[in-house]
Protein chains: 2
Amino acid sequence: MMQNMKLPGKTVERLSEYRRILLNLLAEKKNYIYSYELAALLHITAVQVRRDLMLIGYSSGARKGYDIRELVETIGRIIDSEEGLNVAIVGMGNLGRAVASYFRGKRSKLNLVASFDNDPQKINKVISGVKCFDIKTMEQTIRDLNISIAILTVPPDAAKNTCDEIVRYGIRGILNFTTVSLKVPPDVYLEEYDMITSIEKVAYFVKENLKTQG
Amino acid sequence: MMQNMKLPGKTVERLSEYRRILLNLLAEKKNYIYSYELAALLHITAVQVRRDLMLIGYSSGARKGYDIRELVETIGRIIDSEEGLNVAIVGMGNLGRAVASYFRGKRSKLNLVASFDNDPQKINKVISGVKCFDIKTMEQTIRDLNISIAILTVPPDAAKNTCDEIVRYGIRGILNFTTVSLKVPPDVYLEEYDMITSIEKVAYFVKENLKTQG
DNA sequence: ATCTTATTGTTAATAAAATAACAATGTTTT
DNA sequence: AAAACATTGTTATTTTATTAACAATAAGAT
Ligand SMILES: NC(=O)c1ccc[n+]([C@@H]2O[C@H](COP(=O)([O-])OP(=O)(O)OC[C@H]3O[C@@H](n4cnc5c(N)ncnc54)[C@H](O)[C@@H]3O)[C@@H](O)[C@H]2O)c1
Ligand SMILES: NC(=O)c1ccc[n+]([C@@H]2O[C@H](COP(=O)([O-])OP(=O)(O)OC[C@H]3O[C@@H](n4cnc5c(N)ncnc54)[C@H](O)[C@@H]3O)[C@@H](O)[C@H]2O)c1
């Protein structure tokens, strides 16, 4: 098994989702799970689950289902970085605070270590559990705290410049929530998400369903 | 051209993204755009853009690029519902408020007409521009205001029950931001999004890139 | 201990999505 | 007004993702 081969993005997404659900199940004291159960929880097929687990080389021993604890651990070995990676939120407004409060204490291998803003009201305060730094100190702070991932939640008109800055300061991955489409060098991984797209997609299928089903 | 054929979900997503970007460009007084320009803004290929537009039967006249205003209008005719659809946010916490403030005044065919919560502090107040109703009045309010789409942002432990309720009250599409995986009847369209998955995906590729590039 | 059964792991087949190839078309240049 | 050109619209091809099929395996039943 080529352990050093990059997994397809889709598989990585599902592995993250498997783990999220498995952790919930562990909390409910469930210890084993069948592929078809996990599939049903994610609205996918059991084959897909088994295929994904095959890709990461995980094998269950069979017939009793997967050992949830073990599987969570295996997924971690594949998708987490051993030493952990440090994350910052850039732009501590409505969305930034929501993300911070959600993120807090969730993932042991991804540490939310800082946020940045240009609002004097926010600078040097702890907001939603994370210290807010002056955006002017970003270069220094990113280096000092060894931050490699940024969650971008500044206003649209600040997005482009801010993105160029953080890339210059050594950020290697960006989750962009602004409505602005960014350009980054090929060695920086960029993921973009816009809620409006999700809502419009829902609306489209609702509309189509209403057309055919009344 | 089969106008009544459902488009692939991926195409619907891209159409929404095209429109978002085109509206930004219009605001900057740009009137025409080539397929390759639009593609670059979305990090996809020009062929994909042209293919999507072919699917919705849009034709440019050629060589001067697409008329942005016209294209925005055409996309609207395809993905929007003519009469508009009404949307509610269920759970007006950190994320609910962030979504509300983002949504406000954005889409003319999707109207954010209500939010629901069980916190007496919030009930009957206008929060982030939208009135917050008592969750107990949800059945009535959903019917009165003809709400067909819900954005679910309640705490995880309330998610399942709340989802069952809104489905019973006639909701036809749900955008689920809770970490709980929901089950809905086949005539209800469900879209789920978890930020942690996005961040873990970024982290995975950052890790892999660091391995190969130092 | 053997048989039955349920579930896995994996290869093969199918389906969906993306890309390439290129003729058609309208624009600009000469 | 013809030639050169850039860009589109569309079909064909390739690639990627999903699903189906099924032999292998281990748990439980007899
Ligand atoms: N709210 C949402 O649900 C949502 C959803 C999708 C996308 N977005 C986008 O995310 C971004 C943030 O949305 P929001 O609702 O949190 O907005 P917001 O105005 O509440 O927050 C923006 C924050 O960025 C800070 N800021 C402004 N300029 C800055 C700069 N140059 N450097 C650093 N910080 C700066 C502001 O002080 C503020 O704290 C926007 O681009 C918005 O379009 C929001
Ligand atoms: N904050 C984020 O960025 C983020 C991201 C992804 C997912 N989520 C998920 O979204 C949900 C909301 O997150 P949040 O940070 O806004 O939490 P929050 O606690 O700030 O907000 C939850 C809101 O729901 C209300 N509520 C509680 N029980 C309710 C009930 N039974 N009926 C109606 N309303 C009820 C609360 O009064 C509160 O206003 C959670 O499930 C969280 O896991 C949050």
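These numbers were taken from a predicted model, which means no experiment stands behind them. A note on names: the letters A, B, ... follow the listed sequences, proteins ahead of strands, and every chain is numbered from 1.
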### Summary
Protein heavy-atom contacts under 4.0 Å, written 5' to 3' over nucleotides 16-22 of chain C as B (base), S (sugar-phosphate only) or - (none), form the string -SSBBB-
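Across all strands, B/S35 comes closer than 4.0 Å only to sugar-phosphate atoms, never to a base (heavy-atom distances).
The salt bridge (Lys or Arg N to Asp or Glu O under 4.0 Å) pairs that include a residue from residues 36-46 of chain B are B/K30-B/E37, where partners are two or more places apart or lie in different chains. For residues 77-96 of chain A, the salt bridge (Lys or Arg N to Asp or Glu O under 4.0 Å) pairs, not counting sequence neighbours, are A/R19-A/D80, A/E73-A/R77.
B/Y36 pairs by the ring pair (Phe, Tyr, Trp, His ring centres under 6.0 Å) definition with B/Y34, not counting sequence neighbours. B/Y193 pairs by the ring pair (Phe, Tyr, Trp, His ring centres under 6.0 Å) definition with A/Y193, not counting sequence neighbours. B/Y18 meets the side chain to side chain donor-acceptor pair (under 3.5 Å) test with B/D52; sequence neighbours excluded.
One atom, OH of A/Y58, and another, C1' of C/dT10, lie 17 Å apart when rounded to the nearest Å. Rounded to whole angstrom, the span from the CG atom of B/L53 across to the C1' atom of D/dT11 amounts to 17 Å. Between the C1' atom of D/dC5 and the OH atom of B/Y34 lies a distance of 12 Å, rounded to the nearest Å. Atom pair A/Y66:OH and C/dA6:P shows a separation of 17 Å (rounding to whole Å applied). Taking atom OH of A/Y36 as the reference point, atom C1' of D/dA20 lies 19 Å away to the nearest angstrom. Spacing between atom CD1 of B/I33 and atom P of D/dT8 amounts to 10 Å, rounded to whole angstrom units. Regarding A/L15, its CG atom lies at a distance of 13 Å from the P atom of D/dA17, rounded to whole Å. Atom-to-atom, CE of A/M54 to P of C/dA12 comes out at 12 Å; the value is rounded to the nearest Å.
Of the listed nucleotides (D/dG9, D/dT7, C/dT7), D/dG9 has the atom at the smallest distance from the side chain of B/S60.
The side chain of A/K64 contributes no N or O atom lying less than 4.0 Å from OP1 or OP2 of C/dT8.
Rounded to the nearest 0.5 angstrom, A/S148 OG and B/N209 CG are separated by 11.0 Å.
Ion pairing between A/D164 and A/K160 holds under the 4.0 Å rule for side-chain N and carboxylate O.
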